[in-house]
**Student:** 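Here's a structure for you.
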Amino acid sequence: MRRAARFLFALLMGLAVLGTLGNLVLARTTRAWFEHDLTLRSQLAVASANKSLAESWSDSIKLTEVLDDMTRDERIMGAAACSPSQRRLASTKGFPAEFSCQSVLGQMAAEGSSRSYWSTTVDLPAGPVHVSVTATSDALGTVVLVHDLSFLGRRETTTRNILLIGFLVISLGISAVTLLGARFAWKGWTLALRRALSGESQGEFQPLLRDVRSLVDRLAREREGEARGGAWSAARLKATLSQHLQGERVVILANREPYVHEKDGAGGVKVLHPASGLVTALEPVMRACSGVWVAHGSGSADRQVVDAKDRVKVPPGEESYSVRRVWLSPEEEQGYYYGFSNEGLWPLCHLAHNRPVFRAEDWSHYKAVNQKFADAVCEEVDSDDPIVLVQDYHFALAPSMIRQRLPRATILSFFHIPWPNSERFGICPWREELIAGMLGSSILGFHTQQHCNNFIDSVDAFMESRIDRERNAVVQGGRATLVRAYPISIEWPVRWLADAPSIAECRSSVRKELGLAPDALLGVGIDRLDYTKGIEERLRAVDELLTRHPEFRGKFTFVQLAAPSRTKIVMYQELNERVEKVAAEVNAKWASGDYRPVVLLRAHHEPPTVFRYCRAAELCYVSSLHDGMNLVAKEFVAAHEDELGVLILSQFTGAARDLTEALIVNPYDLHQASDALATALRMPEAEQRERMQSMRRLVSEFNVYRWAGRMLVDAAELRRRERMTGRFSHS
Ligand code: F6P
């Protein structure tokens with residue numbers, strides 16, 4: 001309403017200005033028109049009376065009569081006949097006393113007029129008059145006619161009033177029409193929007209609104225869930241599983257087992273926790289949900305501890321779920337694991353500049369081993385519609401193999417590594433088979449939306465299928481695979497931190513272990529020895545730091561915990577040598593006395609040691625050249641209960657999308673990376689705290705229970721829909 005009033009006011013003001021200007025123009029124009037008109041009339045009057053005037057010119061009485069005739073026109077006030085010597089020969093009664101032949105002809109002469117006609121306008125007290133002098137045709141003299149112009153004022157006023165009223169009426173009409181139009185348009189638009197929002201309309205807003213509605217629903221559900229269930233935890237995940245999926249257990253299929261039994265060399269068996277992001281994330285989920293984890297039995301003592309069905313209860317001492325071990329021959333392991341998975345798919349999916357190697361025999365093993373694991377999964381399920389979580393690139397074919405045997409299974413597949421763009425993926429000789437295998441999944445998860453998009457593009461490029469971009473799904477044979485981003489995380493709270501030594505103890509014990517001064521500045525890197533992790537670039541950045549920031553020489557040490565990985569592969573053996581060489585070079589350049597800038601610990605480290613090093617360090621540098629997520633970054637954040645410490649994180653990790661308060665760097669840019677190291681070492685505690693608090697909040701909230709919970713809730717929704725569809729299509 002206020003807007004309408006403002007609009008009306010502005011309109012009226014505009015009209016007033018326009019009216020005033022118009023009035024002025026109008027007055028001038030009408031006066032000019034009338035004067036011109038009177039001039040013509042005067043000339044006409046004298047011309048038509050010319051004959052009578054000539055006949056009576058010398059007879060003043062007759063002449064007066066002729067003049068009287070001429071003044072019959074109501075607007076002529078008076079007339080006078082003047083001799084060439086400016087003497088009045090005759091005049092009518094109404095001829096104004098203000099004028100005489102002398103005064104009028106004198107003014108005419110003063111203006112230098114030599115024409116036979118002259119006129120002027122004079123304002124008398126009674127009103128304006130038009131005075132004209134017209135010479136008679138045979139030059140006897142002149143006739144002066146005085147026209148009343150006061151009518152002109154009246155006429156001007158009347159005309160002005162009529163025009164003004166008309167103008168006002170038109171303006172008000174236009175305003176009213178404009179306002180009504182605007183109002184109806186707004187009303188119509190809002191009505192349309194309201195109708196669209198309420199679902200009545202079938203118009204062009206529908207796809208957008210469906211997205212908005214589903215987003216709002218989802219957020220509302222999450223909020224509601226958050227309010228009811230509190231933060232995501234093991235207990236809430238378990239409740240979600242039984243509430244939403246009426247399930248008590250899940251079956252996980254992953255190549256790497258969560259607990260590896262190794263001979264300890266003294267006739268005993270030790271249990272190891274493998275260095276694997278996948279295990280870090282999924283083990284807590286499995287403990288919360290219970291069920292079976294189907295994996296490759298890779299430990300030297302694995303066979304010793306399993307039962308007749310190749311199962312072993314874990315975690316040791318807790319025994320809340322089972323590991324079902326699948327045994328592979330050396331040839332199978334070579335072809336499926338080292339060959340196709342890690343010499344083919346791994347370099348194919350990571351932008352780390354190593355060529356993938358595709359061997360037909362590796363592919364045969366990959367297919368056969370996928371079938372072997374799929375069969376093992378089918379043996380472990382306890383219903384015909386189980387929930388199966390298929391993990392990672394080792395098992396791209398397993399989802400469709402499981403689906404063949406268990407068509408009603410809910411299969412949630414998750415790729416822990418990036419998915420390349422379709423052009424890159426297209427170089428794989430078995431690209432169609434791989435995608436077809438993955439499309440056996442009900443839901444296919446990646447860490448980032450970018451990887452989802454890349455996958456969908458690959459489907460688009462190489463498969464016959466329908467892509468439902470609204471639902472982010474691929475539909476084949478009437479069955480949909482949802483493709484979604486679920487950024488993975490770690491458990492919160494981290495169980496290894498429950499009994500961890502204090503941060504002060506970690507700081508001093510680690511420095512002692514490494515032979516460093518108690519006040520030495522420490523940076524840490526924790527990885528499998530893999531060429532995707534950018535370990536060489538990381539050590540070169542340390543070199544650059546000491547070159548460009550001399551204040552840290554002799555004071556800063558970077559310790560790299562590097563777990564040997566995939567050591568049968570030549571590329572990994574070469575990497576191992578290169579990393580060792582770079583570490584030696586940097587040390588040779590900057591070491592002095594007891595001081596070493598780089599400490600390379602090439603060994604498997606159990607989680608308590610990993611967390612002790614994280615807690616001891618001032619900074620952690622994750623320099624991956626390409627990484628699906630990188631959970632070490634999140635573990636470093638979890639380790640720092642003191643809210644101190646700085647994370648330096650490669651922009652090419654999935655984690656960089658979550659942990660934006662880290663110092664984000666391009667690991668190839670050694671200047672930038674070394675400056676980030678310097679910035680971290682100089683960062684005031686207040687700033688460290690601010691960044692760390694924010695990252696800890698994020699990791700605690702977006703923990704791995706939430707990751708699994710969201711996938712399970714989405715799976716439940718899908719199951720519900722499929723059951724409904726099945727019910728309707730059977731009825
Ligand atoms: O994080 C990616 C990943 O391939 C995991 O899936 C895997 O468990 C981890 O790296 C370690 O690799 P590997 O199991 O080959 O030792």
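Note that ligands are numbered from 1 as they come in the structure, with each ligand's atoms numbered from 1 the same way.
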**Student:** Which residues pass the side chain to side chain contact (heavy atoms under 4.5 Å, CB included) test with L718, not counting sequence neighbours?
**Tutor:** S442, I443, R471, L482, E722
**Student:** Given a heavy-atom cut-off of 4.0 Å, could you list the residues near ligand 1 in chain and number order?
**Tutor:** R256, A275, S276, L278, Y337, W346, D392, Y393, I417, R528, R566
**Student:** On the six-membered ring of W293, is R325 placed so that its NZ or CZ lies under 6.0 angstrom from the centre and within 45° of the ring axis?
**Tutor:** no
**Student:** Is the positively charged end of R303 above the ring of W327, judged by distance under 6.0 angstrom from the centroid and angle within 45° of the axis?
**Tutor:** yes
**Student:** Can you name the side chain to side chain contact (heavy atoms under 4.5 Å, CB included) partners of F462, sequence neighbours left out?
**Tutor:** S422, F425, R431, E432, I435, S458
**Student:** Any pair with a residue in residues 271-291 that passes ring-ring contact (aromatic ring centres under 6.0 Å, His included), sequence neighbours left out, goes on the list, sorted by first then second residue, please.
**Tutor:** Y259-H273, H273-W496
**Student:** Looking at E641 and R615, is any side-chain nitrogen of the basic one under 4.0 Å from a carboxylate oxygen of the acidic one?
**Tutor:** yes
